[in-house]
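So that the names make sense, note that chain A is the first sequence line, chain B the second, and so on, each numbered from 1. All values derive from a computational prediction rather than experimental measurement.
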Number of protein chains: 2
Amino acid sequence: MLTSTAAQSALAADSAASPGPAVSSPPQQRSRRATPRAAGRTGTRSAARCSSCAMRQLCMPQGLAPDELSKLETLICSARSVHRGDTLYRSGDSFDNIYAVRSGSMKTVMAHRDGREQVTGLRLAGEALGLDGISDDRHACSALALEDSTVCIVPYTALKSLCREIGSMQERLHKLLGEQIVREAAQMMVLGSLSADERVAAFLLDVSERNAQRGYSWAEFNLRMTREDMGSYLGMTLETVSRTLSRFQKRGLIDTQGKHIRIVDLDGLRQV
Amino acid sequence: MLTSTAAQSALAADSAASPGPAVSSPPQQRSRRATPRAAGRTGTRSAARCSSCAMRQLCMPQGLAPDELSKLETLICSARSVHRGDTLYRSGDSFDNIYAVRSGSMKTVMAHRDGREQVTGLRLAGEALGLDGISDDRHACSALALEDSTVCIVPYTALKSLCREIGSMQERLHKLLGEQIVREAAQMMVLGSLSADERVAAFLLDVSERNAQRGYSWAEFNLRMTREDMGSYLGMTLETVSRTLSRFQKRGLIDTQGKHIRIVDLDGLRQV
DNA sequence: CGTATGTTTGAACTCCCTCAACTAGTGTGG
DNA sequence: CCACACTAGTTGAGGGAGTTCAAACATACG
């Protein structure tokens, strides 16, 4: 149920361009340090345009006509890589860009004044990021890479102009904003009303569905978050997350080893 | 800390037009049934334009030049009254309008499939409502009046056009959407990381601040929500809300009788 | 003015947290 | 290459914050 309407942002309008029926889990970097590490801790910028093949399956272009898409591409498309654990932006940073996760995954966290942190979001490839900065020109959250990732950079000011020119572009941005509003409201409901078991189940189903809608397997995936991240996102301790997953495994609902999760009994998971 | 940036939406650009230093609590309808009840359970539509005096202190016009404001006014301004307990829209209703609470207050609720409901938002006069419908042309939440209230109706399609004509209008809508995203993220943090005491304190401070920014007293207000609504919004039971308020009163932080709340020790409340 | 709805408070219970110990990976440096 | 440290995950035992159940009280709505 959780955010069932939200994940469509990851799908291309042109379904034929989807990444195909990848039955197994997404292409994980088995050897995590395989890619030569670029200089600098903050990741690198690439002047190269996002190739249209990459763009089509990302969140922004959905519903755009080809000529509009090309306008978007001239606008957007510098990319940036962010290494695992590094921040894409920090709470308080000036807001200049919206991002789309091109590969990898990220989390957003919000800090209380006393230092406590709460994970407020998980972004998989194809999902939008950075919308928390619109309201007052500073980011309200920080965004960290859960694994080595790349993002497309969309300059907000230019995007705004484009939205005034192209109706479908405006429509797309509004949907993106609206989706995040609904997703967050659904998460408030998870945090406010569900038991620990229900929260974990809802989370797994949410990730599963988002994976499926990006053309990957709904049944099997690697969650790059730690138990602590999951706990923070779900409003519980890492121990309770771990115990819950173990119990789900004993009940035959899932099969986990570490970060790799396989959903065995989808309906069972839905029923709590 | 909670959503400190959000409430500015209620302020008019022209500060001289603010409702003035109302030291006491907002003008509540003491005799609640004083206004003759119009026919029909769903409230009435009024063809009358929102007078500019009313509009200026509402959320939409902030940051608009006079001529742009008048364009907005020709667009918007049918109003509707919603009686206490009645719904302005329901989850699943087709999304046609955005609303601005003109008087009174409303709550938004989201339902789980099994029937459990979660209060996902509280809207005071001057705040925007209905943004949960943008993402898929159906409302994801329901909106109910906490007291007899009136709202301005802003047709979304027309608003979109206007946003393409007028940059400041686009800006305003984006801010509105961005503010809700940040507000909800902050509430996720409340639900996920704070203790019961902290949640109640954060809530009172949030309402206090929003009241203040609308020109009313930060120290004293009527919360039209029930303890159950508060509990739902804060992820706890009505009994715990009640106990917490009682304890705050014993500690000299607040003074409550029923729905009327007076903040005695603002700093104390901030320190938990 | 009476009844339904909302609020307060108490007492027992329980779900989840806290603290702790142990295991298994992963990266580092000798 | 192994030993080491370090981070991440699992599992257990005990305790506590908040829930549940219940009953009395207050408020306000029709």
Side-chain angles (χ1 to χ4, degrees), chain A residues 28-34 37 83-85 107 116 119 144 146-148 190-201 222-232 234-250 254-261 272, chain B residues 28-37 41 83-86 107 116 119 144-148 190-201 222-250 254-261 272:
Chain A
Q28 298 121 19
Q29 294 168 267
R30 285 280 170 218
S31 55
R32 202 162 300 107
R33 270 290 123 72
R37 180 153 182 162
H83 290 290
R84 192 168 74 91
K107 67 174 175 181
R116 274 177 291 185
V119 174
L144 290 89
L146 293 168
E147 59 195 301
D148 290 357
V190 167
L191 290 167
S193 300
L194 304 192
S195 70
D197 281 15
E198 292 170 323
R199 289 181 207 193
V200 173
N222 257 37
L223 257 187
R224 310 310 276 256
M225 302 175 102
T226 65
R227 299 290 186 257
E228 184 164 25
D229 285 333
M230 288 178 59
S232 173
L234 298 175
M236 51 207 259
T237 59
L238 67 96
E239 292 96 330
T240 303
V241 172
S242 178
R243 273 186 255 271
T244 305
L245 290 173
S246 298
R247 223 171 325 107
F248 282 1
Q249 179 146 16
K250 279 186 195 116
I254 61 172
D255 190 42
T256 69
Q257 24 192 7
K259 294 187 168 32
H260 186 85
I261 291 179
V272 167
Chain B
Q28 299 121 18
Q29 295 166 269
R30 285 280 172 219
S31 54
R32 204 160 298 108
R33 270 291 123 70
T35 37
R37 179 156 182 160
R41 297 204 53 87
H83 290 289
R84 193 171 74 90
D86 287 346
K107 66 173 175 181
R116 273 176 292 185
V119 174
L144 290 89
L146 293 169
E147 60 194 300
D148 290 357
V190 167
L191 291 167
S193 302
L194 304 192
S195 70
D197 282 14
E198 291 170 323
R199 290 181 205 192
V200 173
N222 256 36
L223 256 187
R224 310 310 275 257
M225 301 174 104
T226 64
R227 300 291 186 258
E228 184 164 26
D229 285 333
M230 288 177 59
S232 173
Y233 184 59
L234 297 175
M236 50 206 262
T237 59
L238 68 96
E239 291 94 331
T240 304
V241 172
S242 179
R243 272 186 255 271
T244 305
L245 290 173
S246 297
R247 220 169 329 107
F248 282 1
Q249 177 145 19
K250 278 187 197 113
I254 62 172
D255 190 40
T256 70
Q257 26 192 8
K259 295 189 167 30
H260 187 85
I261 292 178
V272 170

Quiz item: Separation of B/R247 atom CZ from C/dT7 atom P, in whole Å?
Solution: 17 Å
Self-check item: Residues that B/T240 engages under side-chain contact (heavy atoms from CB on, under 4.5 Å), provided they are two or more places apart
Solution: B/A196, B/M236, B/T237, B/T244
Practice problem: May I ask you to check whether over 12 heavy atoms, not counting those of A/E228, lie within 6.0 Å of atom CD? | Solution: no
Quiz prompt | Rounded distance (Å) that lies between atom P of D/dT27 and atom CZ of B/R224 | solution = 15 Å
Exercise. Take atom CG of B/L223 and atom P of C/dG6, then tell me their distance rounded to the nearest Å.
Key: 15 Å
Quiz item: Taking CD1 from A/I254 and C1' from D/dG9, how many angstroms apart are they, rounded to a whole number?
Solution: 14 Å
Quiz item: Would you say the side chain of B/R227 lies within less than 4.5 Å of the side chain of B/L245, judging by non-hydrogen atoms?
Solution: yes
Quiz item: Just how far, in rounded Å, is C1' of D/dA8 from NE2 of A/H260?
Solution: 18 Å
Self-check item: Sequence-distant partners of A/D197, salt bridge (charged side-chain N to carboxylate O under 4.0 Å, His left out), two or more places apart
Solution: A/R247, A/R251
Exercise. Using atom CG of A/N222 as one end and atom C1' of D/dA8 as the other, report the distance to the nearest whole Å.
Key: 14 Å
Quiz prompt | pair A/K259-A/T226: side-chain heavy atoms closer than 4.5 Å | solution = yes
Quiz prompt | Axis-to-axis angle between the two ends of the helix from C/dC1-D/dG30 to C/dG30-D/dC1 (five base pairs per end, rounded to 10 degrees) | solution = 50°
Quiz item: How many Å lie between CE on B/M225 and C1' on C/dT7, as a whole number?
Solution: 16 Å
Quiz prompt | Rounded distance (Å) that lies between atom P of D/dA28 and atom CZ of B/R84 | solution = 10 Å
Exercise. Mark yes or no for whether B/S242, through its side chain, and B/L238, through its backbone, hold a donor-acceptor pair below 3.5 Å.
Key: no
Quiz prompt | With B/E198 via salt bridge (charged side-chain N to carboxylate O under 4.0 Å, His left out) - residues at least two apart | solution = A/R116
Exercise. Indicate for each nucleotide in nucleotides 8-18 of chain C, in 5' to 3' sequence, whether protein heavy atoms under 4.0 Å reach the base (B), only the sugar-phosphate (S), or nothing (-).
Key: BBBB----SSB
Practice problem: For residues 230-241 of chain B, pull every pair meeting salt bridge (charged side-chain N to carboxylate O under 4.0 Å, His left out), keeping only residues two or more places apart or in separate chains. | Solution: none
Practice problem: Compare side-chain N and O positions of B/K259 against OP1 and OP2 of C/dT7 and report whether any pair is under 4.0 Å apart. | Solution: yes
Quiz prompt | Sub-4.5 Å side-chain heavy-atom contact between B/L146 and B/R84 | solution = no
